[in-house]
Amino acid sequence: MTSTILITGASSGYGRATAQHFLDRGWNVVAAMRRPDPGLFTGALERLRTVRLDVTDEASIADARDAALAAFGGVDVLVNNAGIGLLSAFEATPQAALREIFETNTFGVMNVCRALIPHMRKQGRGGIVNVTSSTGMAPMPLVAVYAASKWAIEGFSESLAYEMERVGVRVRIVEPGFGPSTSFGANSAHRLEGLTPPPYDAFARAYFERMRDYPTNYTSEADVAEAVWRAATEAGNRLRYAAGADAELVADLRWGNSEADFLARVRALFVPA
Ligand SMILES: NC(=O)c1ccc[n+]([C@@H]2O[C@H](COP(=O)([O-])OP(=O)(O)OC[C@H]3O[C@@H](n4cnc5c(N)ncnc54)[C@H](OP(=O)(O)O)[C@@H]3O)[C@@H](O)[C@H]2O)c1
């Protein structure tokens, strides 16, 4: 039987590439986005549905789920990919920006899980793949709010994994590194103005300089699509999948060292004095 994936934020970047990856590998794909556009994809379009879904709008989530079930009879894997970034000094981050990030990156993921879990539980099988970030395990400076929104989903997913395995549903986390090829930076940039004020200027500039010289390649859309594929299809109990060489570097530092060594290595590599 053909498996079905529903992926949020499939209009661009990692989400679009992941949707195309699963379509190319013979899955039914429900590509969920705020402004549906089937023209984004190529290939076996009879196995594709583009549906409207805003993760902050529960009615749109229910409609998207119902459309997926009507089209393909079930959803085997849910990928929570939709997300927005924020680069800011915390003290300069308005409450409205903080809430916008959490509404999308944190409560949005929970909204979509809540809508799909009853179906997967009754089905007795399925997978949930939550796309967080390398900052969800190894936060760099000036992303405190973004890291908090993703870190919340790390804890949510780890707990949910135990809860769901009893009913045949696997929960996994994909942690992408920085993807300069996606529109993430540009989409985050309009939130940046005034968010690194003068007392942070020199620090922010020195930090961005270091990030330009990252010791590995950055993450590509193909890296994330492949990591989601593995997270969706591999057997076993693995929880976290770092995606991209830069994410793998910090994952190795994080999980292969004591906390003191990890923090010292991150400071030495990335954080200006
Ligand atoms: N690129 C990076 O550096 C990076 C690094 C680590 C993790 N990530 C994570 O990877 C995921 C994908 O990011 P990307 O790099 O592919 O960025 P992107 O190209 O900006 O794509 C983000 C997607 O999320 C969608 N989205 C935003 N708010 C939404 C909402 N309220 N409801 C539904 N969809 C919404 C966007 O839809 P619209 O087209 O409608 O705006 C877009 O499809 C995000 O969770 C992000 O946090 C990215």
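Atoms within a ligand are numbered from 1 in the order they appear, just like the ligands themselves.
- Between the side chain of Ser149 and the backbone N or O of Tyr146, at least one donor-acceptor pair lies under 3.5 Å.
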List the steps, then state whether side-chain hydrogen bond (donor to acceptor under 3.5 Å, both in side chains) holds for Asp54 with Ser60. CA-CA 6 Å; Asp54 181 328; Ser60 80; 5.7 Å; no
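- Note on ring orientation: taking the six-membered ring where Trp is involved, the planes of Phe203 and Tyr207 are parallel (angle under 30°, cut-offs 30° and 60°).
- In the vicinity of Leu53, heavy-atom distances shorter than 4.0 Å reach the ligand 1 atoms 33 (C).
- In plain terms, the two heavy atoms of Arg121 and Val169 that are nearest each other are N-CG2, 4.5 Å.
- The part of Thr104 lying near ligand 1 is the side chain, judged by heavy-atom distances below 4.0 Å.
- At distances below 3.5 Å, not a single donor-acceptor pair connects side-chain atoms of Lys150 with backbone N or O atoms of Val145.
- The distance criterion of under 3.5 Å between nitrogen or oxygen atoms is met by Gly9 with respect to ligand 1.
- Few gaps surround CZ on Arg238; more than 12 heavy atoms of other groups in view lie less than 6.0 Å from it.
- Of all the heavy atoms of Thr219, none lies under 4.0 Å from any atom of ligand 1, so neither backbone nor side chain is involved.
- Phe262 and Met137 get closest at one heavy-atom pair: CZ-O, 4.3 Å.
- For ligand 1, the polar-atom distance check finds an N/O of Val55 within less than 3.5 Å of one of the ligand's N/O atoms.
- Ligand 1 has Tyr146 within reach: a non-hydrogen atom of the residue lies less than 4.0 Å from it.
- Numbered from 1 in the order shown, with element, the atoms of ligand 1 that lie under 4.0 Å from a heavy atom of Ser133 read 6 (C), 7 (C).
- By the criterion of a heavy-atom distance under 4.0 Å, neither the backbone nor the side chain of Arg16 is placed next to ligand 1.
- The Asp54 neighbourhood of ligand 1 comprises atoms 30 (C), 31 (N), 32 (N), 33 (C), with distances under 4.0 Å to a heavy atom of that residue.
- Here Met33 has no heavy atoms under 4.0 Å from ligand 1, in either its backbone or its side chain.
- In summary, the atoms of ligand 1 found under 4.0 Å from a heavy atom of Gly13, numbered by their order in the structure, are 16 (O), 19 (O).
- Using a 4.0 Å cut-off between heavy atoms, Thr135 makes no contact with ligand 1 at all.
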Please walk me through it: do Gln20 and Arg16 pass side-chain contact (heavy atoms from CB on, under 4.5 Å)? CA-CA 6 Å; Gln20 185 68 54; Arg16 177 181 168 186; 5.7 Å; no
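- With Ile5 as reference, Val77 is the one residue of Val75, Val30, Val77 to meet the side-chain contact (heavy atoms from CB on, under 4.5 Å) rule.
- The ligand atoms of ligand 1 that sit less than 4.0 angstrom from a heavy atom of Phe178 are 3 (O).
- The shell of residues lying under 4.0 angstrom from ligand 1, judged by heavy atoms, includes Pro176.
- Judged by the shortest distance from any of its heavy atoms, Thr132 lies inside the 4.0 Å radius around the atoms of ligand 1.
- Residue-to-ligand polar distances keep Gly15 apart from ligand 1: every N/O pair is separated by 3.5 Å or more.
- Polar contact with ligand 1: present for Asn81 (N/O pair, distance under 3.5 Å).
- Taking every heavy atom of Gly179 and a limit of under 4.0 angstrom, the matching atoms of ligand 1 come to 1 (N), 2 (C), 3 (O).
- For the ligand labelled ligand 1, residue Gly177 lies inside the 4.0 Å heavy-atom shell.
- Ligand 1 has no nitrogen or oxygen under 3.5 angstrom from a nitrogen or oxygen of Ser134.
- Of the N or O atoms in Lys150, one or more lie within a sub-3.5 Å distance of an N or O in ligand 1.
- Salt-bridge annotation for Arg170 and Glu234: absent, with no side-chain N of the basic residue lying under 4.0 Å from a carboxylate O of the acidic one.
- A salt bridge is absent between Asp37 and Arg52; no separation between the charged side-chain nitrogens and carboxylate oxygens falls under 4.0 Å.
- The distance criterion of under 3.5 Å between nitrogen or oxygen atoms is met by Ser11 with respect to ligand 1.
- Between the Asp76 side chain and the Thr4 main chain, a donor and an acceptor come within less than 3.5 Å of each other.
- Ring orientation note: the planes of Phe107 and Phe102 are tilted relative to one another, at an angle of 30° to 60°.
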